[in-house]
**Student:** 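Below you'll find the structure I mean.
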2 protein chains.
Amino acid sequence: MKIDPDNKADLSAQIAGAIREEIVAGRLIVDERLPSEAELADHFEVSRPTVREALKRLAAQSLIRTARGAFGGAFVNRLNYPDAYGQHITTSTLLLSMNAISFDVACEARYALERACTPLAALRRTPDTLATMRAEIHRQGQPGLSDESFCASDVTFHRALVDSAANPVLSYQLAGAVEAMQPLMNMITFTARSREAILGFHTRIADALEGNEAEAAQAALSELEAYTLTLGRDVMAARARPKG
Amino acid sequence: MKIDPDNKADLSAQIAGAIREEIVAGRLIVDERLPSEAELADHFEVSRPTVREALKRLAAQSLIRTARGAFGGAFVNRLNYPDAYGQHITTSTLLLSMNAISFDVACEARYALERACTPLAALRRTPDTLATMRAEIHRQGQPGLSDESFCASDVTFHRALVDSAANPVLSYQLAGAVEAMQPLMNMITFTARSREAILGFHTRIADALEGNEAEAAQAALSELEAYTLTLGRDVMAARARPKG
DNA sequence: TACATTTAAATGTCTGACAATTTATTCGTC
DNA sequence: GACGAATAAATTGTCAGACATTTAAATGTA
């Protein structure tokens with residue numbers, strides 16, 4: 001584990017990179033303890049604050065965890081789903097919001113991915129995931145629900161759809177696409193009429209999954225995509241128009 | 001922007017969280033300069049090393065970049081695709097390798113997601129992406145190609161398939177699924193016979209995309225998935241068997 | 001005006017110290 | 001000998017202050 005002595009980049013970044021490589025390559029295994037900060041500083045021939053900055057970089061990516069006290073130190077962390085979800089969602093959200101991704105492109109990606117889950121969801125949906133979907137459909141029909149709450153419920157519904165596929169890898173990958181869309185969806189004002197329409201699509205999807213009808217669910221999803229697109233385009237058009 | 005004075009967690013983690021929230025919420029916009037380390041230390045009433053550890057955490061997530069010199073400092077970074085790709089791939093790879101994800105589950109997720117891209121890819125494939133796919137098919141037919149190179153070429157082929165959909169959000173989301181599978185695929189020993197079979201599927205996929213035939217491409221992908229599954233299961237079975 | 005020099009501001013790094021936390025060990029008591 | 005409290009040791013968390021390095025603006029000079 002070495003660093004390039006004539007590299008001009010930050011030492012802490014180099015050290016973090018060297019350790020990260022060891023972890024990704026599997027040469028440092030889960031729960032293994034890294035040398036103490038003092039030992040690392042000695043090994044890399046840098047000061048302790050520099051080592052600490054490197055370790056904080058790794059901690060930010062959930063690659064290590066630290067414990068104080070005797071027999072404490074930095075340990076290779078088992079990357080768990082909640083941490084991975086959080087990172088993925090933060091990255092996806094910022095990628096969308098900072099790069100002027102159009103509503104259309106984000107929408108297309110999200111629904112394409114959701115349709116990918118549908119055959120598995122129709123096969124494996126459980127009473128539990130169906131109940132979640134029904135509950136959210138009911139919530140979405142409540143009058144007086146704020147637009148933001150409606151969006152949050154929408155996300156929960158779609159996450160239940162994805163989770164129905166019972167494939168954690170799929171759920172993880174989809175989390176970014178579904179959650180990152182929420183800020184864009186939050187710009188939409190949902191009228192009573194549009195809520196009713198969305199509710200109809202959601203009901204069709206839940207019904208299709210319950211009946212193990214993958215193609216019907218995919219068809220409903222496609223129609224929901226088209227409908228969402230029109231809602232988004234209306235918002236964009238209204239924004240582009242001179243205010244007044 | 002404040003931190004909880006009775007929170008027992010690391011100060012640097014709290015400060016990083018506070019700044020991260022500002023960025024994600026859009027209250028700190030792209031290219032905006034953060035206060036200097038000295039000013040931040042003053043504001044949060046901590047020392048400069050603590051502030052620096054917080055900033056390194058954010059830098060590790062590509063949320064900020066730093067510049068030295070006069071008028072340097074920390075700036076909100078525009079999260080670009082290469083950085084986001086890198087983070088996503090690292091996270092996905094570790095999630096798979098550290099959590100005993102079965103070959104079957106990872107494979108299912110990957111091919112489900114790739115099939116999701118296929119309709120768009122059949123619609124939008126360009127001479128460029130087709131050429132990439134043909135080139136990789138040709139490479140995969142070369143005798144004397146190492147298993148690792150074969151896998152790398154396989155990843156390039158599938159990335160070209162995904163990129164054919166011409167949706168950057170889709171490409172980003174898929175990158176994690178496709179690349180994270182590579183370590184698992186690398187465990188497979190590809191015989192001349194299995195390479196020939198895979199090559200056949202790849203050719204069918206490329207032909208289908210060239211002919212704008214989405215369903216044929218999806219069918220070939222599904223068969224490739226089934227075939228890959230059998231290869232993976234053979235490896236797993238051989239590993240489980242007592243050595244000798 | 002054009003170019004070289006100086007200066008100021010900021011990050012990068014180092015040294016040394018102390019605080020807080022956690023575990024193992026030691027010692028005293030019953 | 002067994003149990004509990006004090007102690008010691010190791011390690012991370014935090015701080016203060018200093019110096020090195022880099023960069024761009026300001027200044028001076030031909």
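Order of the sequence lines sets the chain letters (A, B, ...), proteins ahead of strands, with each chain counted from 1.
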**Student:** Roughly how many Å is it from CG in A/L58 to C1' in D/dT12, rounded to a whole number?
**Tutor:**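 Value for this atom pair: 16 Å.
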**Student:** Between D/dA20 atom C1' and A/L11 atom CG, what is the distance in whole Å?
**Tutor:**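 Whole-Å distance recorded here is 12 Å.
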**Student:** To the nearest angstrom, how far is B/E53 atom CD from C/dT13 atom C1'?
**Tutor:**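 Nearest whole value for this atom pair: 14 Å.
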**Student:** Can you see whether B/H158 engages B/E136 through a side-chain donor-acceptor pair at a distance of less than 3.5 angstrom?
**Tutor:**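 No, no side-chain donor-acceptor pair sits under 3.5 Å.
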**Student:** For the pair made of CD in B/E45 and P in D/dT14, what is the distance, rounded to whole Å?
**Tutor:**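 Taking atom P of D/dT14 as the reference, CD of B/E45 is at 15 Å.
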**Student:** Per the atom types in the model, does the base of D/dT21 pair as donor or acceptor with the side chain of B/R68 at under 3.5 Å?
**Tutor:**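 Side chain to base: pair present.
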**Student:** Give a yes or no answer on whether the side chain of A/D10 reaches the backbone of A/A13 with a donor-acceptor pair at less than 3.5 Å.
**Tutor:**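 Side chain of A/D10 to backbone of A/A13, a donor-acceptor pair under 3.5 Å: no, none is there.
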**Student:** Could you tell me the separation between the CZ atom of A/R65 and the C1' atom of D/dT12, rounded to a whole number of Å?
**Tutor:**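 Value for this atom pair: 15 Å.
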**Student:** With a 4.0 Å limit, can you tell me whether A/R52 has a side-chain N or O closer than that to the phosphate oxygens OP1/OP2 of D/dT12?
**Tutor:**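 Answer no for this pair, as no side-chain N or O of A/R52 is under 4.0 Å from OP1 or OP2.
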**Student:** Of A/V46 and A/G69, whose closest DNA chain C nucleotide lies nearer the 5' terminus?
**Tutor:**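 In this pair, the answer is A/V46.
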**Student:** Let me know the distance between CD of B/E39 and C1' of C/dT11, rounded to the nearest Å.
**Tutor:**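 For the pair B/E39 CD and C/dT11 C1', the rounded distance is 13 Å.
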**Student:** Hey, is the main chain of A/L79 close enough, under 3.5 Å, to the side chain of B/N99 for a donor-acceptor pair?
**Tutor:**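 Here the side-chain-to-backbone pair exists.
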**Student:** If you find the nucleotide of DNA chain D closest to A/R48 and the one closest to A/A70, which residue's nucleotide is nearer the 5' end?
**Tutor:**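 The residue closer to the strand's 5' end, by nearest nucleotide, is A/A70.
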**Student:** Expressed as a whole number of angstroms, how long is the span from A/L40:CG to D/dT11:C1'?
**Tutor:**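 Rounded to whole Å, this separation is 12 Å.
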**Student:** Looking at B/R33, I'd like to know whether one of its side-chain N or O atoms comes within less than 4.0 Å of OP1 or OP2 on C/dA10.
**Tutor:**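 So the side-chain polar atoms of B/R33 do come within 4.0 Å of the phosphate oxygens OP1 or OP2 of C/dA10, strictly under.
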**Student:** For A/T50 and C/dC14, is the shortest distance between a side-chain N/O and OP1 or OP2 below 4.0 Å?
**Tutor:**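 Checking A/T50 against C/dC14: at least one side-chain N or O falls below 4.0 Å of OP1 or OP2.
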**Student:** More 5' along DNA chain C: A/S47 or B/L34, using each one's nearest nucleotide?
**Tutor:**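 The residue whose closest nucleotide sits nearer the 5' end is B/L34.
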**Student:** Roughly how far, to the nearest 0.5 Å, is NE2 of A/H88 from CD of A/Q173?
**Tutor:**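 If I round to the nearest 0.5 Å, the distance is 6.0 Å.
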**Student:** Hey, what do you get for CG (B/L34) to CD (B/E32), rounding to the nearest 0.5 Å?
**Tutor:**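 Those atoms lie 7.5 Å apart.
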**Student:** What's the CZ-C1' distance between B/F71 and C/dA9, to the nearest Å?
**Tutor:**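 To the nearest whole Å, that distance equals 8 Å.
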**Student:** Whether B/T66 contacts C/dA10 is assessed here as follows: a side-chain N or O lying under 4.0 Å from the phosphate OP1 or OP2. Is that the case?
**Tutor:**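 The answer is no; no side-chain N or O of B/T66 sits under 4.0 Å from OP1 or OP2.
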